[in-house]
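Below: the structure, in structure tokens.
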Amino acid sequence: MDLPAGIREAMVDHAAAGLPDEACGLLATDGAGRLRRVYCLRNATPSPHAYTLDPEEHFRALRDAESRGWRLAGVFHSHPAGPSAPSPADVAGALEPEWLYVVVSLEDRARPGIRGFWIRDGVVSEEPLEAPLEDAESAEARR
């Protein structure tokens with residue numbers, strides 16, 4: 001799945017702003033399944049080891065996405081000092097089998113890790129996240 005630079009940057013910035021706790025948010029896709037927007041939400045249960053999406057902000061994100069013809073298609077959260085892989089608690093809490101679960105690791109703050117996963121019935125499979133061609137071209141043009 002393509003991960004546009006703006007969405008990547010927003011997730012990393014939100015994760016850093018949430019330190020020392022986990023940060024979280026939602027991802028919206030268009031009808032073709034392309035990531036279109038990240039909604040950075042408040043962690044309703046601030047902790048370095050857990051997150052809960054703020055219900056009111058979740059609802060606002062849902063309304064905004066639907067008003068644009070998009071759908072909520074994933075969630076992201078950070079691991080302030082751990083790897084960019086789902087923890088056992090993340091797997092147990094993955095209740096939306098059609099959602100992409102993205103983990104942002106700040107274990108190495110100079111090089112944050114971002115990985116995506118499908119979690120279905122406790123089975124985790126990685127979804128490669130790649131910079132879209134236009135992002136690569138833009139980066140190349142700036143060199």
Side-chain angles (χ1 to χ4, degrees), residues 1-120 123-142:
M1 177 176 287
D2 286 345
L3 180 63
I7 290 176
R8 175 185 171 78
E9 290 167 16
M11 288 190 296
V12 170
D13 289 349
H14 187 58
L19 290 171
D21 298 321
E22 289 192 3
C24 57
L26 293 164
L27 301 166
T29 59
D30 63 18
R34 293 180 301 248
L35 285 173
R36 298 298 301 220
R37 175 154 300 169
V38 60
Y39 295 95
C40 297
L41 307 184
R42 185 177 71 82
N43 182 348
T45 56
S47 162
H49 307 290
Y51 74 96
T52 301
L53 298 169
D54 179 275
E56 289 180 23
E57 292 181 359
H58 184 156
F59 185 66
R60 278 196 297 272
L62 175 63
R63 280 195 333 235
D64 182 74
E66 288 178 345
S67 75
R68 298 169 188 275
W70 303 338
R71 70 180 188 91
L72 294 181
V75 64
F76 80 91
H77 77 282
S78 63
H79 285 173
S84 55
S87 69
D90 296 336
V91 174
L95 303 177
E96 296 286 346
E98 299 307 312
W99 275 16
L100 179 67
Y101 291 83
V102 176
V103 181
V104 177
S105 170
L106 297 179
E107 192 170 36
D108 178 353
R109 292 191 190 159
R111 296 176 47 142
I114 300 179
R115 294 169 61 199
F117 302 90
W118 301 107
I119 305 174
R120 296 178 174 127
V123 177
V124 179
S125 58
E126 188 162 5
E127 171 68 30
L129 301 176
E130 303 171 4
L133 183 57
E134 61 270 13
D135 283 358
E137 290 172 353
S138 297
E140 187 66 29
R142 288 190 298 268

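Owing to the predicted nature of the structure, the values given are computational and were not obtained by experimental measurement.
Between L27 atom CG and R36 atom CZ the span is 13.5 Å, to the nearest 0.5 Å. With rounding to the nearest 0.5 angstrom, the OG atom of S87 is 10.5 Å from the NE2 atom of H49.
Counting only heavy atoms from C-beta outward, the side chains of L100 and W118 approach each other to under 4.5 Å.
Remark: H79 engages H77 in a ring pair (Phe, Tyr, Trp, His ring centres under 6.0 Å) (not counting sequence neighbours).
E22 contributes no side-chain N or O that, together with a main-chain N or O of N43, makes up a donor-acceptor pair within less than 3.5 Å. Of the possible donor and acceptor atoms, one in the side chain of S78 sits under 3.5 Å from a partner among the backbone N and O of A23. Looking at Y51, its side chain never comes within 3.5 Å of a backbone N or O of G25 through a donor-acceptor pair. For the pair S105 (side chain) and G82 (backbone), a donor-acceptor distance under 3.5 Å is present.
Annotation for P46 and D21: closest pair CB-OD2, 3.5 Å, computed over non-hydrogen atoms. Scanning all heavy atoms of the two residues, the minimum distance from Y39 to A65 falls at OH-N, 3.3 Å. For the pair A28 and W70, the tightest heavy-atom approach, listed with the atom from each and the gap, is CB-CE3, 4.1 Å. When all heavy atoms of L72 and W99 are compared, the pair lying nearest together is O-NE1, 3.2 Å. The shortest heavy-atom contact between D90 and A85 is OD2-O, 4.3 Å. The heavy-atom pair separating E126 from F117 by the smallest distance is CA-CD2, 3.8 Å.
Counting non-hydrogen atoms of neighbouring residues, nucleotides and ligands closer than 6.0 angstrom, the CD atom of E56 reaches no more than 12 such neighbours. A 6.0 Å sphere centred on CZ of R109 holds no more than 12 heavy atoms belonging to other residues, nucleotides or ligands.
Residue pairs meeting the salt bridge (Lys or Arg N to Asp or Glu O under 4.0 Å) criterion with at least one partner in residues 37-46, sequence neighbours excluded, are R37-D64, R42-D54.
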Determine, step by step, whether L129 and M1 satisfy the side chain to side chain contact (heavy atoms under 4.5 Å, CB included) criterion, reporting the C-alpha distance in whole Å, the side-chain angles of both residues, the deciding distance to 0.1 Å, and the verdict. CA-CA 5 Å; L129 301 176; M1 177 176 287; 4.2 Å; yes
For D2 and L35, run side chain to side chain contact (heavy atoms under 4.5 Å, CB included): C-alpha distance rounded to whole Å, both residues' side-chain angles, the deciding distance at 0.1 Å, then the answer. CA-CA 7 Å; D2 286 345; L35 285 173; over 6 Å; no
Show me the side-chain donor-acceptor pairs of residues 11-19 shorter than 3.5 Å, one per line, residues at least two apart or across chains.
residue: H14; atom: NE2; partner: C24; partner atom: O; Å: 3.1
residue: H14; atom: NE2; partner: L41; partner atom: O; Å: 2.9

